[in-house]
Amino acid sequence: MSNPLPVLLDVDTGGDDALALLLAMASPALDVRGITCVAGNCALAQAVRNTLTLLDAIDAPPVPVAAGMDRPILGSGLPAPALHGGDGMGDLGLPAPRRKSVDDHAVEFLRRTLSETAEPITLICLAPLSNIAMLLRMYPGIREKIERLYVMGGTYASPGNTTPAGEFNVCYDPEAAAIVLQSGLPVTLYPLDPFMQVRFTKEEAMRFSSTASAGARIAGGIALHYCRFFGYSFSLIGDAGTVATVIDPEGATVERSSMLVELSGGATRGATVFDRRIVTDGFEREGNWTDVDVVTNVDADRYRRLMAGALGAPEALTDQA
Ligand code: BDR
Ligand code: CA
């Protein structure tokens, strides 16, 4: 077996960020070197608290957690979406965290961690890109220490979830998304299209909730919260699918495509625009179009099983979701 891949996660925990953290912390394929938090699903302080509480609950090793940007680069951001609950993580009633975050700002923590390692590190970004954009702007030389960015954000062919054309992480901080996605660094984008594909049924969530594994109980509780909120009989694994793509790339269909983030516009601000035209000869285009690798489709059952195995409860799954 090859050495675990060194990764840093950037999160706004966040019910589905919590699922992503559970998968990342449990996977022998990943070496989680740190977790940075940013405002998005909830206020920054709540995202930090949720992250620390989650790590306590699964008795995780002392991975550093750093608080970063409490707002987007421009403006004050979007209201916290009600779907994640009053605490941003499904209102599970978990106790206050025992562990503490590091003193460094997330941007400084990222700079230090990246500059101190010999080998480049993979960034897994599951939230508005404010921290990562600031890092690239303040310390452009750090680019050479970034192996690749896996980014949950945007849409490819699907509709938006925050505006008709826009996805939450990009809409929350469009300027940051433009800086990061159009940086020219190797990017694998995990947009809403695959995000919507991987799910657990309500029955599976109930079985997770009653297992001996702390991680599975939390994942089950979060999934049941989303089932209740939407009134659906299933719940998405959401951000955790991005982590699954890093761990098991064979489960993802990836296309290279040219894109940009729409920063002007009214209805379309924060949309990820892909140039999917068949014929482009003779048609000019304006803007800083950049090639990224887009996950257009995933093997949903494979990733469901990966997740359930990491939670220590593979028997909770039925054949279909
Ligand atoms: C993204 O926005 C947040 O609500 C989720 O955590 C995910 O990162 C989906 O649009
Ligand atoms: Ca998120």
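For ligands, and for the atoms within them, numbers begin at 1 and follow the listed sequence.
For the pair Arg276 and Tyr156, the distance from NZ or CZ to the six-membered ring centre is under 6.0 Å and the angle to the ring normal is within 45 degrees.
Residue, atom and distance of the protein heavy atom nearest to atom 3 (C) of ligand 1 are Asn41 OD1, 3.0 Å. The closest protein non-hydrogen atom to atom 8 (O) of ligand 1 is Asp239 OD1, 2.6 Å. Nearest non-hydrogen protein atom to atom 6 (O) of ligand 1 is Asp16 OD1, 2.6 Å. The nearest protein atom to atom 10 (O) of ligand 1, hydrogens excluded, is given as Glu167 OE2, 2.5 Å; this is a heavy-atom distance.
No side-chain donor-acceptor contact under 3.5 Å links Gln197 and Asp193. A donor-acceptor pair shorter than 3.5 Å cannot be found between the side chains of Thr117 and Arg33.
Annotation for Phe109 and Pro64: closest pair CE1-CB, 3.7 Å, computed over non-hydrogen atoms. The nearest pair of heavy atoms linking Ala216 to Leu311 is CB-O, 3.6 Å. Contact record, Arg99 with Val63: NH1-N, 4.3 Å, taken as the closest heavy-atom pair.
Contacts with ligand 1 closer than 4.0 Å are made by backbone heavy atoms (N, CA, C, O) of Leu126 only, the side chain lying farther away.
Around the CZ atom of Arg137, the shell of radius 6.0 Å holds no more than 12 heavy atoms that belong to other residues, nucleotides or ligands.
Every atom of ligand 1 with a heavy atom of Met152 under 4.0 Å away is listed here by number and element: 1 (C), 7 (C), 8 (O), 9 (C).
Within the sub-3.0 Å shell of the Ca ion (ligand 2), the protein contributes these N/O/S atoms: Asp12 OD1, Asp17 OD1, Asp17 OD2, Leu126 O, Asp239 OD2.
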- Message: Using side chain to side chain contact (heavy atoms under 4.5 Å, CB included), reason through Leu30 and Val243 one step at a time and then give a plain yes or no.
- Response: CA-CA 9 Å; Leu30 302 183; Val243 177; 3.9 Å; yes

- Query: Hey, mind stepping through Asp293 and Thr188 against side chain to side chain donor-acceptor pair (under 3.5 Å) and telling me if it holds?
  - Reply: CA-CA 5 Å; Asp293 297 312; Thr188 299; 4.5 Å; no

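Residue Phe195 places a heavy atom under 4.0 Å from ligand 1.
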